[in-house]
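Model, not experiment: these values are computed from the prediction. First listed ligand is number 1; within each ligand, the first listed atom is number 1.
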Amino acid sequence: MISVAPVKLDFVAEIGNIDLTKAISETQFSEIEAAFEKYAVLIFHDQPLSEDQQNSFANKFGPLGRPAAPFRPENTERLKRPESADISNVDERGDVLPEGDVRLLINRANALWHTDSTFKRVPAKMSMLCAQSVVPTGGETEFADMRAAWDALPEDRQKALDGLVAEHDYFHSRMKVGLDPRSVSPERRAMLPPVPQILVRTHPVTGRKSLYLASHIKRIYGMADAEAQKLVDQLMAHSTQPQFTYAHQWAVGDVVLWDNRCTMHRGRPHDPKLPRVMRRATAMDIGPSVQEGWKPAA
Ligand code: OGA
Ligand code: MN
């Protein structure tokens with residue numbers, strides 16, 4: 001049996017008595033999956049996974065997604081597989097990237113509260129980070145429990161939100177962190193068109209509802225832009241209050257995975273001169289969050 005030690009209420013748990021570098025049995029995986037559904041963030045220590053080991057573990061949760069990296073210069077890949085996301089501030093030689101390098105755009109965007117890949121029609125179900133180089137202070141990853149945030153809303157507020165659909169746009173969050181819209185070619189723009197996502201999700205396993213927010217939200221259908229922005233800002237502020245959040249302090253070999261269907265997260269700042277190297281694998285959701293054939297009202 002794996003061990004499950006709650007770290008924060010029904011939100012974060014530390015998993016032990018398992019070696020993820022070895023083949024995982026069906027039973028062990030069902031135990032992990034049960035913990036994943038009950039909690040939303042799982043922490044494993046001392047699991048120095050190879051890229052392949054990490055991807056094959058992540059693949060048990062669903063088909064692997066490929067990171068959207070429209071700004072990565074050609075031939076600068078540090079990782080082997082197109083499914084692996086390089087969440088680091090170093091180049092192919094391991095040297096820390098200079099300020100202003102376009103590859104740092106992803107880190108800057110990751111510093112905003114978000115949910116992974118909501119800018120894709122089929123968003124991320126589960127993301128898994130494996131820590132390879134860590135910084136002594138700062139650089140935590142902070143998580144917000146969007147089920148608890150939903151539960152804490154007054155009923156009339158819940159009623160008003162349920163059923164709303166937001167438009168998520170990859171470039172929207174990048175522009176917030178300094179991407180010049182004029183630098184985005186129509187070809188790049190067309191690679192990642194804006195997509196609809198419902199604002200309130202129901203977890204397919206637990207039936208619990210949660211707010212589905214991300215820095216990628218550009219507007220809410222049927223609502224004036226200013227009003228939608230105000231609403232999203234308010235909900236973001238509500239959801240990220242200390243009672244709903246947890247910050248993970250990284251050690252090398254930590255593996256942390258989270259349920260993107262009911263959490264948000266962000267990376268915390270650190271000394272940009274120090275290397276921080278994470279590798280991410282992502283399992284995709286089973287389908288779009290909006291119903292088949294959903295169209296905005298004319
Ligand atoms: C991610 C992410 C934050 C961090 O990998 O999806 O948002 O702390 N990372 O690196
Ligand atoms: Mn992320």
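On a distance-only criterion, Arg268 and ligand 1 share no N/O pair closer than 3.5 Å. Between Arg280 and ligand 1, at least one N/O pair is under 3.5 Å apart. Looking at Asp116 next to ligand 1, an N or O pair under 3.5 Å apart turns up.
Judged as a salt bridge (Lys or Arg N to Asp or Glu O under 4.0 Å), and not counting sequence neighbours, Glu74 has no contacts. Residues passing the ring pair (Phe, Tyr, Trp, His ring centres under 6.0 Å) test with Tyr212: none are found, sequence neighbours excluded.
The main-chain N or O of Val255 is never found under 3.5 Å from a side-chain atom of Gln47 such that the two would form a donor-acceptor pair.
Under a 4.5 Å side-chain heavy-atom criterion applied to ILVMFWY residues, the cluster that includes Val205 comprises that residue alone.
Taking a cutoff of 4.0 Å between a charged side-chain nitrogen and a carboxylate oxygen, Arg189 and Asp169 qualify as a salt bridge.
With a 4.5 Å cut-off on side-chain heavy atoms, Met175 and His172 do not count as touching. Looking only at side-chain heavy atoms (C-beta outward), Leu64 and Arg81 stay at 4.5 Å or farther from each other.
Looking only at heavy atoms of the protein, atom 8 (O) of ligand 1 is closest to Thr141 OG1, 2.6 Å. The closest protein non-hydrogen atom to atom 9 (N) of ligand 1 is Asn110 ND2, 3.7 Å.
Residue-ligand proximity: Arg276 is placed with a non-hydrogen atom under 4.0 Å from ligand 1. Within the 4.0 Å heavy-atom shell around ligand 1 one finds His114.
Heavy-atom contacts of Ile87 reach the following atoms of ligand 1: 5 (O), 10 (O) (cutoff under 4.0 Å). Under a 4.0 Å criterion applied to the non-hydrogen atoms of His265, ligand 1 contributes the atoms 1 (C), 2 (C), 6 (O), 7 (O).
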I would like to know whether Lys80 and Asp52 meet side-chain contact (heavy atoms from CB on, under 4.5 Å); could you show each step before the answer?
CA-CA 9 Å; Lys80 209 166 55 175; Asp52 287 340; 3.0 Å; yes
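Checked against the 6.0 Å centroid threshold, Phe11 and Phe143 do not count as a close aromatic pair.
Partner Asp285 forms a side chain to side chain donor-acceptor pair (under 3.5 Å) with one of Lys125, Lys120, Arg201 and no other, that one being Arg201.
Counting only protein N, O or S atoms, 3 lie closer than 2.8 Å to the Mn ion (ligand 2).
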